[in-house]
Structures are given as C-alpha cells and as structure tokens.
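All of these numbers come straight from a predicted model, not from anything done at the bench. Every chain is numbered from 1 and lettered A, B, ... according to where its sequence line falls, protein lines coming before strand lines.
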There are 2 protein chains.
Amino acid sequence: MGNNVTMRDIAERLGVSSVTISKALNDKEGVSDELKQKIKQVAEEMGYRFNTLAKSMKEGQAYNIGVIIPERFTGEIQSFYLKFYQHIARVLDHHQYSGILHILSADDEEQKVLPRIYYDKKVDGLLILGQISNDYIQLLNGIEIPIAYIDFYNEDAEADTVITDNFYGMYEMTNYLIKNGHQEIGFVGNIYSTSSIQDRFLGFYKSLLEHKLPLKQEYIIKDRDERGKYIEIELPDKIPTAFVCNCDQIAYNLITKLQSLGYRVPEDCSVVGFDNDIYAQIAEPKLTTVEVDIEEMSRTAVQLMISKLKSKKRKWEQVSVKGKLVLRDSVKKITDELQTTD
Amino acid sequence: MGNNVTMRDIAERLGVSSVTISKALNDKEGVSDELKQKIKQVAEEMGYRFNTLAKSMKEGQAYNIGVIIPERFTGEIQSFYLKFYQHIARVLDHHQYSGILHILSADDEEQKVLPRIYYDKKVDGLLILGQISNDYIQLLNGIEIPIAYIDFYNEDAEADTVITDNFYGMYEMTNYLIKNGHQEIGFVGNIYSTSSIQDRFLGFYKSLLEHKLPLKQEYIIKDRDERGKYIEIELPDKIPTAFVCNCDQIAYNLITKLQSLGYRVPEDCSVVGFDNDIYAQIAEPKLTTVEVDIEEMSRTAVQLMISKLKSKKRKWEQVSVKGKLVLRDSVKKITDELQTTD
DNA sequence: CTGAAAGCGCTTACAG
DNA sequence: CTGAAAGCGCTTACAG
C-alpha cells in the first residue's frame with residue numbers, strides 16, 4: 001500500500017537492480033522465470049503502480065490520444081459523437097492508450113486556438129470527430145502530431161480519414177423507398193453545407209437515375225444555411241410521397257412539421273433519416289434510417305492512428321465504412337395505390 | 001517548426017543556460033525582463049511546446065484528473081453526465097489541468113477493476129459522476145489519490161462530495177404544486193434505490209407535512225427495482241391530481257403512459273420532474289422541473305479536488321448546491337375546482 | 001541576474 | 001542471467 005513505490009524500492013527489497021525489475025515487469029528477456037515471478041508478486045504486494053510518465057518521457061510518447069469534438073455537436077440533445085467517443089476510448093484502451101476528450105469551443109475554433117493538451121504534449125495524436133472549419137483544418141495541417149478525421153472528409157486535410165459510406169447508404173435507402181412504390185421523393189438537406197450531406201444527396205440521386213426518375217428542384221429542400229445553422233424547412237406546394245432526410249434530427253423536425261400541417265406519417269407521406277441516433281427513436285412513428293457502424297469506424301480510426309505513430313512515413317489513407325438499413329415504421333408501402341393512380 | 005524543440009535548444013540558440021529558459025517561460029524571478037521577452041519570442045519562433053511530462057515527473061503530478069461515469073448513465077438518450085463532463089473539463093482547463101473521461105463499464109464495476117489511468121499514474125485524482133456500487137466505493141476508498149463524488153452521496157465514501165440539493169429542490173417543487181391547489185399528489189420513484197431519490201422523496205414529504213396533507217402509500221409508486229433497472233409503472237386505482245417524479249425521464253414515461261390511458265396532461269393530471277434534462281424538453285407538454293446547477297457543481301468539485309491535491313491533510317467536505325424551479329407547461333392550477341369539489 | 005548540479009522514475013544499449 | 005551508466009526534459013535548491 002506504499003504511497004509511492006518505485007522500481008528501485010522493489011529492487012532494494014529483493015537485493016537486485018532496478019533494471020531487472022523493469023525487465024521482469026515488462027516481460028522482457030534477461031530475467032529468470034523464477035525471479036520474474038517473485039518480482040511480480042512483490043510488486044503486487046507493495047502496491048506498485050507503473051509510472052507511465054517516466055516511460056513516456058524516455059520515449060517521447062504520452063500514450064494518450066486527444067479526441068476533439070466541436071462544441072456544436074454536443075448540444076442538449078445531440079449525443080452521437082459522445083457515443084462515438086465511448087467506443088474510441090474502449091479501443092484505445094485495448095492498445096494501452098488513453099483517450100482525452102476535448103470539446104472544442106466555438107470561440108476556440110473561430111480564433112484558431114489549439115487545445116491545451118496539444119501544447120502540453122499530453123497527446124501523441126488527435127482524432128477529430130465531425131466537421132470542422134476549413135481554417136481550423138489548415139491550422140491542424142501545420143502541427144507536428146498525426147491527425148485522423150472521423151465522420152468528416154475534406155480534401156485539404158493532411159490526415160487519415162474514416163467516414164461512413166454516405167453515398168451507398170443513401171443509395172440503398174432510396175432504392176428501398178422506390179421498391180416500396182415511391183416515385184415522388186424529396187431530399188431534405190443543404191447540399192452545399194457539408195461533404196457528408198453532399199454524398200448522401202448523390203447516393204439519393206444515383207438511385208433516381210438508375211430508376212429513371214427525374215430529379216425535381218422543388219423537391220430539394222434546405223434544412224440549414226451554409227454555416228450549418230438550422231433554418232425553417234419550406235415545404236413544396238405539392239408534397240411528395242416520401243422524403244429522404246440527410247439526418248434523423250431533420251427527419252424528426254420534418255415529421256413534426258408535417259403533422260402540424262395535418263399530414264399523417266407514413267400514411268400520407270413517408271419520411272426516412274440517416275444515423276439511427278436518438279431522434280430516430282423518439283420520433284413518432286419511429287424512423288426507418290441508416291445506421292452508422294460506430295464500432296467499426298472507431299476500430300479503424302484507432303488502428304490508423306497507431307500505425308501512423310509507429311511509422312510516420314506512411315501515406316494518408318481514406319477508409320469508408322458501410323452502414324446498414326434499419327427498417328422501422330416511417331415508410332409506407334404504396335405500390336398498389338400507385339398502380340391505380342398512375 | 002522544429003519537431004522536438006527543448007529548453008536546451010532555446011538556451012543554446014541564445015547562449016544562456018536552460019535554467020534561465022525555464023525561469024523565463026514560467027514567469028519566475030531571476031531573469032531580467034529584457035532577456036525574458038527575448039526568450040519568449042525565440043521560443044515562439046522555434047515552435048517550442050512545453051513538455052508537461054518532464055515537469056510532471058519531477059513533481060510527481062500528472063496535471064490530469066480522471067472523470068469517471070458509470071456506463072449505465074451514458075445510454076442512447078441519457079446525456080446528462082456527459083454534459084456535466086463538459087463543464088468539468090472547462091473548469092479544469094482554467095486550472096491548467098486536463099480532464100480524462102473514463103466510462104466505467106458494467107463489467108469493470110462488477111469485477112472491481114479500476115480504470116487504467118489510475119494504474120498508469122496518469123491522473124492525480126478521480127471525480128466520480130453519479131451513483132456507483134458500494135463495493136466499488138470500498139475499492140476507491142483504498143486507493144492513494146483523492147476522490148470526489150458528484151451528484152451522489154454515500155456515507156461510507158472517504159471523499160469530498162458535491163450534490164444537488166435534492167431535498168430542498170423537491171420540497172420547493174411540491175410547495176409549488178400545493179400552491180396551485182393540488183392536494184392529492186403521488187410520488188414516482190423507488191425510495192430504496194438511491195440516496196438522491198430518497199432525499200427528493202423526503203423533500204416531497206416535508207412539504208406534505210407542512211401543509212398537513214397525508215402521505216398515502218398507494219401514491220408512492222416504484223419506477224425501478226433496487227438495482228436501478230426501470231420497471232413498468234403501476235398506476236393507482238384512483239389517479240391523483242398531480243405526480244411528482246424523481247427525474248425527468250420517469251416523468252416523460254409517466255406522461256406517455258397516462259396519455260395512452262386517455263388522461264390529458266396537465267388538464268386531468270399534472271406531472272413534474274427533476275433535472276431539466278432532454279426529457280423535460282421533448283415531453284409533450286414540456287415539463288415543469290427542477291434544474292440542477294451543473295456549472296456551479298462543476299466549479300465546486302474541481303476546487304475541492306485541487307485544494308485536496310495541494311494539502312492532503314484537509315478533511316472531507318460535503319457541499320450541496322441549490323437548484324431552481326423551471327416552470328413550463330405540465331402543471332395545471334386547480335385552486336378553483338378544488339374549492340367546489342372539496 | 002545567471003548557471004552548475006542533482007534528481008524525478010524509468011529504459012536502452014552495453015559490459016560482464 | 002544480471003547490472004552500471006547514461007539519458008529523456010524539466011525544476012529545485014544553492015552558489016556565485
């Protein structure tokens with residue numbers, strides 16, 4: 001239970017040198033099995049705790065990875081990235097690393113202030129969750145430690161990237177709607193605001209193309225301005241039979257709006273989302289949506305980071321991880337009706 | 001932009017010793033202002049980043065505080081403690097510390113495994129958010145670094161405690177209901193499950209006592225089993241005019257249940273919660289509830305921790321922080337009706 | 001005002 | 001199989 005037991009203390013107790021203790025505790029060559037067992041046992045008895053700081057200083061590695069989440073993604077209700085963090089932290093743990101979560105405030109992002117953990121050399125690398133401003137990316141490009149972006153892609157970023165397969169996810173989702181008889185389908189999302197939304201839109205469009213359905217401008221509806229701030233959704237004069245929303249939160253808002261105008265979902269209009277986050281569950285009806293594979297993405301991102309730490313030479317990689325459809329109650333099969341109304 | 005600039009590098013460049021650099025960069029006595037300015041400027045130019053690891057090792061302090069949240073509080077929807085973490089991290093930052101968030105898995109809690117950040121000496125202290133098992137508290141009592149519990153109180157814990165004033169919060173809330181004419185009031189929560197719920201219940205009871213209203217057993221309704229797992233709420237035969245719920249989530253569930261049985265809230269029955277978390281906002285009607293002062297609690301907890309780190313001798317303190325009523329739409333004033341039905 | 005020396009607790013060659 | 005020496009990058013007395 002000693003308050004500050006060091007390897008030297010163990011060494012003195014056993015009449016050996018601290019080098020031997022170090023080797024034994026790290027399972028390295030050069031200590032007899034017998035001695036090693038003895039050392040481990042005594043270390044345990046004395047309540048020895050390894051001093052990572054000393055090792056870190058020797059090696060110039062902190063064995064910590066910073067995980068950055070822009071503040072705007074951590075609002076009252078939005079907990080998607082926080083959930084992401086949990087998985088990342090768990091994977092890091094398996095690799096003997098710790099995660100240090102840092103919420104990047106809007107001010108710091110604006111004024112291009114890096115988190116203190118960077119200046120303090122407390123982290124060996126940075127994992128960035130979600131979209132971040134171009135200026136900030138430039139700032140990050142200039143720093144000395146490896147970076148990986150998760151769930152956000154930017155051409156200019158000099159870093160590894162792990163994104164969800166937005167394109168195919170929305171493509172499959174739209175295929176699913178069409179298979180259920182929908183031909184008039186709207187897309188809700190500002191396609192100039194983020195690359196994820198853009199890709200999701202393109203997946204949607206690809207499905208329309210393949211089915212020879214026209215892309216109608218009045219069915220492409222803005223949900224936010226270019227800076228990401230949500231705006232009031234303006235519905236078209238004629239409501240399509242289904243809306244594809246770029247995320248669950250927007251789908252949730254849309255459903256509320258449709259219902260307040262007297263439309264029933266999915267009877268009068270189907271609505272689908274993307275992400276399978278909390279909004280998909282609290283929506284009434286529950287949302288049919290695309291689930292992001294957080295676990296797989298976390299695993300991939302951590303592996304990229306650690307391999308980068310081991311060999312700085314490696315080129316940047318871009319990995320996209322497939323999601324999967326989650327079918328719930330917000331889509332109506334309208335094949336029959338269509339045949340008669342056509 | 002050098003990759004690994006040290007104080008010695010700056011020293012050599014300027015032809016002084018590294019001791020002088022250390023003093024200048026830390027704003028300590030013993031360097032002329034002129035030299036100090038010059039040193040800071042050159043450090044900046046050379047892209048010097050302070051090596052906290054070295055300082056830490058010298059001082060035996062990591063300048064990190066672990067923040068532990070039991071896994072069960074971080075579910076899909078529950079983000080209250082994560083929000084708490086953000087405030088704590090910000091306050092720590094002001095004190096030149098970093099927060100390391102650790103989600104304690106159910107397994108680790110059960111098997112009494114301490115987080116690695118403890119064994120690795122990466123943290124100087126531990127902040128525990130929310131209730132944790134008695135066995136785990138015993139485990140924590142045995143470790144060498146200071147602990148503070150937030151939003152949870154346990155007599156056996158040898159640590160500082162910062163709790164919200166559950167007792168007075170619920171007392172005031174119940175007073176508010178009575179002032180609005182309610183005399184038949186139910187309490188929803190398992191009063192044997194956590195000390196917070198118990199205290200909230202006692203505040204509720206105190207208000208009844210003061211107003212000479214009887215405490216009816218059939219109006220005390222369980223929402224979870226002793227281990228904290230939610231159970232189906234069983235409503236009494238006769239529905240009271242108001243329900244006091246031990247937290248917003250339960251209030252939300254209760255409203256859903258009442259509505260599914262044909263009751264209107266608050267017209268037929270008023271419902272109040274506690275916490276002012278996301279459930280208070282998504283409930284329909286929006287909940288009248290008690291808001292926990294997360295900011296103040298975070299500030300207090302961090303101060304206690306840091307003062308403990310500076311003088312280990314100090315006794316444990318228990319601080320309770322007042323919340324405040326948030327009035328919204330889930331309570332109906334029924335004074336008049338009561339006068340006629342009485 | 002400035003600096004030489006020692007030490008924080010480990011690990012990495014290297015020698016025996 | 002075992003250990004003496006040097007060093008990671010700082011800071012803390014202490015001496016000049």
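The phosphate of dC10(D) (OP1 or OP2) has no side-chain N or O of Tyr63(B) nearer than 4.0 angstrom. Between Tyr48(A) and the phosphate of dG9(C), there is no side-chain N or O to OP1/OP2 separation shorter than 4.0 Å. Side-chain N/O atoms of Ser17(B) include none lying less than 4.0 angstrom from OP1 or OP2 on dT2(C). Remark: Ser32(B) is in phosphate contact with dT2(C), judged by side-chain N or O atoms under 4.0 Å from OP1 or OP2. Regarding contacts with the backbone of dT2(C), every side-chain N or O of Thr20(B) stays at 4.0 angstrom or more from both OP1 and OP2.
The NZ-C1' distance, from Lys121(A) to dC10(D), rounds to 11 Å in whole Å. If you measure from atom CD1 of Ile21(A) to atom P of dC10(C), you get 10 Å, rounded to the nearest angstrom. Here dT2(C) presents its P atom at 11 Å from CG of Leu14(B), a figure rounded to the nearest Å. The CD1-C1' distance, from Ile39(B) to dG3(C), rounds to 12 Å in whole Å. Straight-line distance from the CD1 atom of Ile10(B) to the P atom of dG9(D): 12 Å, rounded to whole Å. Arg8(B) has its CZ atom 11 Å from the P atom of dA4(C), to the nearest Å. Distance Glu12(A) CD to dG9(C) P: 12 Å, rounded to the nearest Å. Whole-Å rounding puts the Asp9(A) CG to dC10(C) P distance at 9 Å.
Put simply, the residue from Val19(A), Thr20(A), Leu25(A), Asn26(A) that forms a side-chain contact (heavy atoms from CB on, under 4.5 Å) with Val31(A) is Thr20(A). Residue Ile88(A) is tested with Asp93(A), Leu101(A), Ile294(A), Leu129(A) for a side-chain contact (heavy atoms from CB on, under 4.5 Å); the sole match is Leu129(A).
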Between the protein and nucleotides 12-16 of chain D, list every N/O to N/O distance that falls short of 3.5 Å.
unit_1  : atom_1 : unit_2   : atom_2 : d
dT12(D) : OP2    : Lys28(B) : NZ     : 2.9

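For DNA chain D, runs of at least 3 consecutive pairs of the Watson-Crick or G-U wobble type, with both hydrogen-bonding distances under 3.5 angstrom, map to C:1-3 with D:14-16, C:5-12 with D:5-12, C:14-16 with D:1-3.
A donor and an acceptor atom, one from each side chain of Asn154(B) and Asn134(B), are located under 3.5 Å apart.
Glu295(A) has no carboxylate O lying under 4.0 Å from a charged side-chain N of Arg90(A), or vice versa, which leaves the two without a salt bridge. Under the 4.0 Å criterion applied to side-chain N and carboxylate O atoms, Arg49(B) and Glu144(A) are assigned as salt-bridge partners.
Heavy atoms of Met57(A) sit under 4.0 angstrom from at least one base atom. At a threshold of 4.0 angstrom between heavy atoms, the contacts of Leu35(B) are confined to the sugar-phosphate backbone, with no base atom among them.
Of the candidates dG3(D), dT11(C), dT11(D), dT11(D) carries the atom nearest the Asn26(B) side chain, counting heavy atoms from C-beta on.
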Original post:
Passes side chain to side chain contact (heavy atoms under 4.5 Å, CB included), Asp135(A) versus Glu109(A)? Steps please.
Top reply: CA-CA 9 Å; Asp135(A) 281 355; Glu109(A) 185 176 351; over 6 Å; no
Subject >> side chain to side chain donor-acceptor pair (under 3.5 Å) assessment of Tyr63(A) paired with Asp120(B) >> reply: CA-CA 10 Å; Tyr63(A) 292 100; Asp120(B) 285 355; over 6 Å; no
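Nearest heavy-atom pair across Leu126(A) and Ile68(A) is CG-CG1, 4.1 Å. Residues Ile137(A) and Phe152(A) share a closest heavy-atom pair of CD1-CE2, 3.7 Å.
Note that the CD atom of Gln86(B) and the CD1 atom of Ile103(A) stand 4.0 Å from one another [nearest 0.5 Å].
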